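We use all heavy atoms of the structure for the numbers below, so side chains are in, but hydrogens, waters and symmetry mates are not. It should be emphasised that the depicted structure is a prediction, and the values quoted were computed from it without experimental measurement. Every chain is numbered from 1 and lettered A, B, ... according to where its sequence line falls, protein lines coming before strand lines.
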Amino acid sequence: MDKPYKWTFWKREFNSPILLASGTAGFGLELMEQGFLEGAAAVISKATTLKPREGNPPPRIVETRFGLLNSIGLANPGVDEVLKTLLPQAADLPCPLIINVAGESVEDFPAVIERLEESPVPFGYEINVSCPNVAAGGIAFGASPEIVERIASLVKRVSSKPFSVKLTPNEGSIVESAKAAEAGGADAVTICNTFLGMKMDWRTGRAPLKRNVGGYSSPALLPLTVARVFITSEAVDIPVLASGGVNRAEDILELLACGAAMVQVGTWLMRRPDAARELREDMINLLESCSP
Amino acid sequence: MDKPYKWTFWKREFNSPILLASGTAGFGLELMEQGFLEGAAAVISKATTLKPREGNPPPRIVETRFGLLNSIGLANPGVDEVLKTLLPQAADLPCPLIINVAGESVEDFPAVIERLEESPVPFGYEINVSCPNVAAGGIAFGASPEIVERIASLVKRVSSKPFSVKLTPNEGSIVESAKAAEAGGADAVTICNTFLGMKMDWRTGRAPLKRNVGGYSSPALLPLTVARVFITSEAVDIPVLASGGVNRAEDILELLACGAAMVQVGTWLMRRPDAARELREDMINLLESCSP
Amino acid sequence: MPLSFISEAEPGRFLQLEVSQGSFPVTRRPFTISSVAGNSVDIIFEAVGRGTEILAETKEGRSLRLLGPLGCGYRLNSGKWLLIGGGLGAAGFPGLAAGIDCDQVLLGASSRGKLLTIPGARTVAITEDGSSGTKGLVTDLLGSILWDSYGGIALCGPVPMMKAVIEAIPVKARANVQISAEAMMGCGWGACEGCSVPKAGGGFLKCCSDGPVFPADSIDWERWEGIH
Amino acid sequence: MPLSFISEAEPGRFLQLEVSQGSFPVTRRPFTISSVAGNSVDIIFEAVGRGTEILAETKEGRSLRLLGPLGCGYRLNSGKWLLIGGGLGAAGFPGLAAGIDCDQVLLGASSRGKLLTIPGARTVAITEDGSSGTKGLVTDLLGSILWDSYGGIALCGPVPMMKAVIEAIPVKARANVQISAEAMMGCGWGACEGCSVPKAGGGFLKCCSDGPVFPADSIDWERWEGIH
Ligand SMILES: Cc1cc2nc3c(=O)[nH]c(=O)nc-3n(C[C@H](O)[C@H](O)[C@H](O)COP(=O)(O)OP(=O)(O)OC[C@H]3O[C@@H](n4cnc5c(N)ncnc54)[C@H](O)[C@@H]3O)c2cc1C
Ligand SMILES: Cc1cc2nc3c(=O)[nH]c(=O)nc-3n(C[C@H](O)[C@H](O)[C@H](O)COP(=O)(O)OP(=O)(O)OC[C@H]3O[C@@H](n4cnc5c(N)ncnc54)[C@H](O)[C@@H]3O)c2cc1C
Ligand SMILES: Cc1cc2nc3c(=O)[nH]c(=O)nc-3n(C[C@H](O)[C@H](O)[C@H](O)COP(=O)(O)O)c2cc1C
Ligand SMILES: Cc1cc2nc3c(=O)[nH]c(=O)nc-3n(C[C@H](O)[C@H](O)[C@H](O)COP(=O)(O)O)c2cc1C
Ligand code: FES
Ligand code: FES
């Protein structure tokens, strides 16, 4: 029954539209070990930066009533260690790996990509210009279309592989930034990273997160992603990868109906490590029950 | 027991920090009739524009799994009718009325305020540069700090009363826009209007809202408001009025702890017309249970 | 139920039920007051979605928050009345029939199980599948109606059905038709402008406070049908 | 409980319970595997917040989704063991005590009701209010301990308590101390970098996959205490 369902992305055919979102699946190694990658079209890695990053002080995960705040701060071992240790192991993944790349400066992005090009493992890249948990000038690069275009074109120059630019919903115009990514040569845009959020303890006047604000994710944010995917899909010709709020098969179908090429699952994967299999199965059942 | 709890805003003392948010309380008349204004410091009116506006085609309210989309489109009878019919009735309200003002052009704002100045009824104004449900050039005025400053200074020139500028979380930088409002002479900023949201029926490929996107509100958005109120309060010296996601007394205390001067309740008021009384009572009980 | 509620529960008015104790679904759900007896109020509903499913599962004896009676009901014109209902559109007819001189009720439904009973009223039914009465649509029952003999005509059902019925009524008699409208509601009490129904001659009516009962000729039927 | 789970449920490992059927709270909740018997697993928990309250109200016989066993448990050094626990920190001691040569257990708690029982182990208890054992803190029990006689020392409790205990242990014996850490968790299986515990010499350890049991000297206690 699965036969007719195919999603094509970056010239490859997949039997699922589900991508595992950056930061919630590591490099896919733990999930592979447990046999949990069935149903995933590809894994998107934790952000990789030029130098190793410790990440933010804990706590890094704080729950709110209806969602989750994270303040990971791009903790990662740096591109050298990724190349040496993680990518060789990731060669065994049963699905492609897309490397999420972050930077502290515009030049960091092509520098990381140049190094990653040494490995045959990555299927492509996701350029993270939108992390709410780092201090780089206070503003995510993604807020400025000019900077987005510049980063995209620098990456284009050094990359032999396709890449998506992951945008922020917190500042600037997501549509203008998406157009800028396309103009710079991006092969997709990811809509979008987490929303800036915060929790405050009114009794103590202190925020549980040391940096006060963090990235907020919640199934209740799905309509925000739906709107942003819809308006972006209308504005650009490159594929749009949807990210934010997915925890049901219906959510995936809704985002695909809005023009998404593929749909990412992040926070929900932490709740259900085999979310990709579950969601894909539910989705195919829904499609079957609808088709004549 | 209520005695010591006072909130001061625009040189007036209130026994509650709760404002009824624009668009969810009309002009307060229906609530007054039912005796439901107890606990409200002030009512903020439905948007008033220079000319009457029919508003958007129905449906205008669409529920999602965890929130509400609205596409009212600033339906209102226009400033003349507001002056003639509504403000005289509103003179009887047991609390002050703040008039929310919207416009299709920069010049509309001072034009409406000039007219409203003819009435002694308004306590102040809320300048809505952030409605997600109108087409004015596609972008809310609030996305551009320059336009925000210009509108604020034009309003300042004609207004004898204090005013707040209500900003958008959807485009631009909320902090830059708040600073611009302050520079233009605003007496407060409202953080913030609804988030752009959408629902799509994947079976039909059609969005229930005729304009596709609408304004999304939900108790699950509280952490987004908390973050934006916090970062704005740190950036400006004028009062910050919080709006978005409040449906518990704890939410109000959390926003006050983040620097909000007053806190608005919108969507929840449609569920509980006497929300102001309920929330204020719960809040005072919480405060009492904490104080030594 | 407080007595003030009962005394104000005139035919055609509605109430807003808080189906959820928690935050979601966010809004209440509107239901026509079907009838009142003693100090109790009846509503008739069908489980069609999230809110009504929660309601259907709600145990007897549980108390729910309720707002109402809300809106404007029927103008209780003197003379004989004809009531025409499609499906659950007839939910308000029991209370209405009790308050007027009801000559007859025409009911249409998809099948027998969906037909309501209007106590004490002469009822002619028609179903789409023929499981009760003749097989067909409510409009098939209109041929022999003496329209001019009615002081009041109440009409409630899906918009296309109501539109078809009105088109079958002689223009002169249309002035006596009152329809009961439905719309997605926010507040339910006139404040949010969420529940618009297209108004004849342009603009919108508020279903919750201008209605839900309207003179049929106050509605712009073309635009309204376009929405559905 | 599948046998594979039981056979891998070594002392000190934990599981992630899905407390809610719905979307909220979003994350699972981690609990130490307290003991295993036959094909069942015990956890001991206290209702301190939303998730554990839901759990406390969960009826017997309901099935819950569960992930595990997760993380790294105790290195079961040979020799006699000393177990030192504060409050629910001792939740994992029953299973641990059953798997080692347990000489004695020192338990501290705020009051009698919060003291756990470690079956088959010689236990000395102390409570802050004196309702069981002497009145005081667990550190008050350390004076007469012959630290060098232990092949293994297990320590679990609030961070300040663990830090105080470690400072009371002669430096040489500290190498035998294994602590069980807690941190707010996202995934629970090593992917999200959410559960950081400050590492001696800089950087962070992952509570869920590097731990939750760690050699005491692998932790940067100053930084860790600073977080709490
Ligand atoms: C004045 C008024 C009186 C009503 N009286 C009755 C009644 O007596 N008995 C009865 O069963 N129903 C009545 N309804 C409709 C009832 O309110 C809806 O069926 C109910 O709100 C659906 O809620 P839900 O959560 O189950 O469905 P949802 O999951 O919200 O939606 C299911 C379907 O119902 C439609 N719907 C949802 N809300 C409304 C609404 N407010 N009005 C119309 N359609 C809606 C949706 O478009 C969707 O197609 C009335 C509606 C109004 C406006
Ligand atoms: C490896 C590990 C093993 C654990 N074993 C046990 C056990 O055996 N028995 C037991 O009762 N508890 C144990 N805990 C703690 C337990 O997970 C938390 O008490 C629980 O998650 C609180 O959930 P809640 O929803 O009830 O509280 P919340 O409402 O989420 O929070 C209430 C309080 O608990 C704290 N808290 C929340 N989550 C955690 C967490 N993951 N770790 C530490 N503190 C937290 C919060 O900071 C807050 O102060 C363990 C935690 C970890 C990390
Ligand atoms: C714990 C955590 C870590 C994340 N780390 C990254 C990251 O390193 N790079 C990135 O681009 N996005 C990161 N994100 C964002 C997610 O990839 C995803 O875009 C976002 O959470 C919204 O999707 P969701 O609602 O499915 O979680 C992270 C999110 C979470 C919750
Ligand atoms: C039905 C509806 C109508 C609204 N109309 C207006 C409006 O006319 N002017 C305005 O500034 N904001 C309007 N808003 C936004 C609210 O005032 C409020 O800022 C927003 O809903 C977030 O707060 P909440 O979560 O408490 O609803 C409207 C919101 C809703 C739900
Ligand atoms: S539902 Fe709010 S005005 Fe009618
Ligand atoms: S909880 Fe995710 S890495 Fe430990």
Side-chain angles (χ1 to χ4, degrees), chain B residues 20-31 33-34 36 43 45-47 52-77 133 208-210 214 216-220 222 245 247-248 251 266-274 278, chain C residues 4-5 8 16-30 49-52 54 64-71 159 181-199 201-210 219-220 222-228:
Chain B
L20 306 189
S22 177
T24 61
F27 279 70
L29 303 171
E30 296 83 3
L31 290 169
E33 214 175 284
Q34 303 295 325
F36 284 158
V43 172
S45 78
K46 177 72 201 161
R53 284 181 62 101
E54 270 193 8
N56 291 333
R60 293 179 175 182
I61 299 272
V62 169
E63 278 219 349
T64 64
R65 208 169 157 216
F66 303 120
L68 198 75
L69 288 166
N70 87 75
S71 178
I72 309 292
L74 305 179
N76 84 96
N133 291 318
L209 292 179
K210 298 283 186 294
Y216 181 61
S217 53
S218 162
L222 182 74
N247 77 345
R248 293 184 309 174
D251 305 343
T267 302
W268 193 246
L269 189 69
M270 303 201 284
R271 165 89 165 257
R272 296 270 174 95
D274 61 346
E278 286 179 6
Chain C
S4 61
F5 185 103
E8 291 174 9
Q16 283 266 63
L17 263 183
E18 192 169 284
V19 290
S20 149
Q21 308 281 95
S23 294
F24 313 116
V26 173
T27 61
R28 294 175 182 245
R29 295 292 186 267
R50 190 155 58 137
T52 46
I54 297 176
L64 294 176
R65 280 171 190 257
L66 164 167
L67 276 177
L70 299 165
V159 173
E182 289 192 7
M184 302 296 285
M185 284 188 180
C187 62
W189 35 272
C192 76
E193 301 278 354
C195 57
S196 318
V197 173
K199 183 177 168 182
F204 294 99
L205 296 158
K206 288 193 243 183
C207 180
C208 73
S209 55
D210 295 329
I219 306 278
D220 182 333
E222 294 296 327
R223 273 160 72 217
W224 204 21
E225 194 182 29
I227 289 163
H228 290 85

Looking at [X] and [Y], what are the two nearest heavy atoms and their distance?
{"X": "B:Pro57", "Y": "C:Phe204", "answer": "CA-CZ, 4.1 Å"}
{"X": "C:Val26", "Y": "B:Gly67", "answer": "CG2-CA, 4.0 Å"}
{"X": "C:Pro25", "Y": "B:Glu63", "answer": "CB-OE1, 3.1 Å"}

Under a 4.5 Å heavy-atom cutoff, which of [options] has the most pairs with chain C?
{"options": "B:Ile61, B:Thr24, B:Leu269", "answer": "B:Ile61"}
{"options": "B:Arg248, B:Arg272, B:Lys46", "answer": "B:Arg272"}
{"options": "B:Arg271, B:Gln34, B:Glu54", "answer": "B:Arg271"}

Under 3.5 Å, which donor-acceptor pairs do the side chains of residues 184-196 of chain C form with other protein atoms, sequence neighbours left out?
| from | atom 1 | to | atom 2 | distance (Å) |
| --- | --- | --- | --- | --- |
| C:Trp189 | NE1 | C:Cys187 | O | 3.2 |
| C:Ser196 | OG | B:Arg60 | NE | 3.0 |
| C:Ser196 | OG | B:Arg60 | NH1 | 2.9 |

Under 4.5 Å from any heavy atom of chain C, what part of [X] do you find: side chain, backbone, both or neither?
{"X": "B:Ala25", "value": "backbone"}
{"X": "B:Ser217", "value": "neither"}
{"X": "B:Pro273", "value": "both"}

Side chain to side chain contact (heavy atoms under 4.5 Å, CB included) assessment of B:Arg65 paired with C:Phe24: CA-CA 7 Å; B:Arg65 208 169 157 216; C:Phe24 313 116; over 6 Å; no
Using 0.5 Å steps for rounding, measure from the [atom1] atom of [X] to the [atom2] atom of [Y].
{"X": "B:Met270", "Y": "C:Leu67", "atom1": "CE", "atom2": "CG", "value": "13.0 Å"}
{"X": "C:Leu70", "Y": "B:Glu30", "atom1": "CG", "atom2": "CD", "value": "11.5 Å"}
{"X": "C:Ser23", "Y": "B:Phe66", "atom1": "OG", "atom2": "CZ", "value": "10.5 Å"}

Heavy-atom neighbours of B:Lys210 NZ exceed 12 at 6.0 Å: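 Enclosed: over 12 neighbouring heavy atoms sit under 6.0 Å from NZ of B:Lys210.
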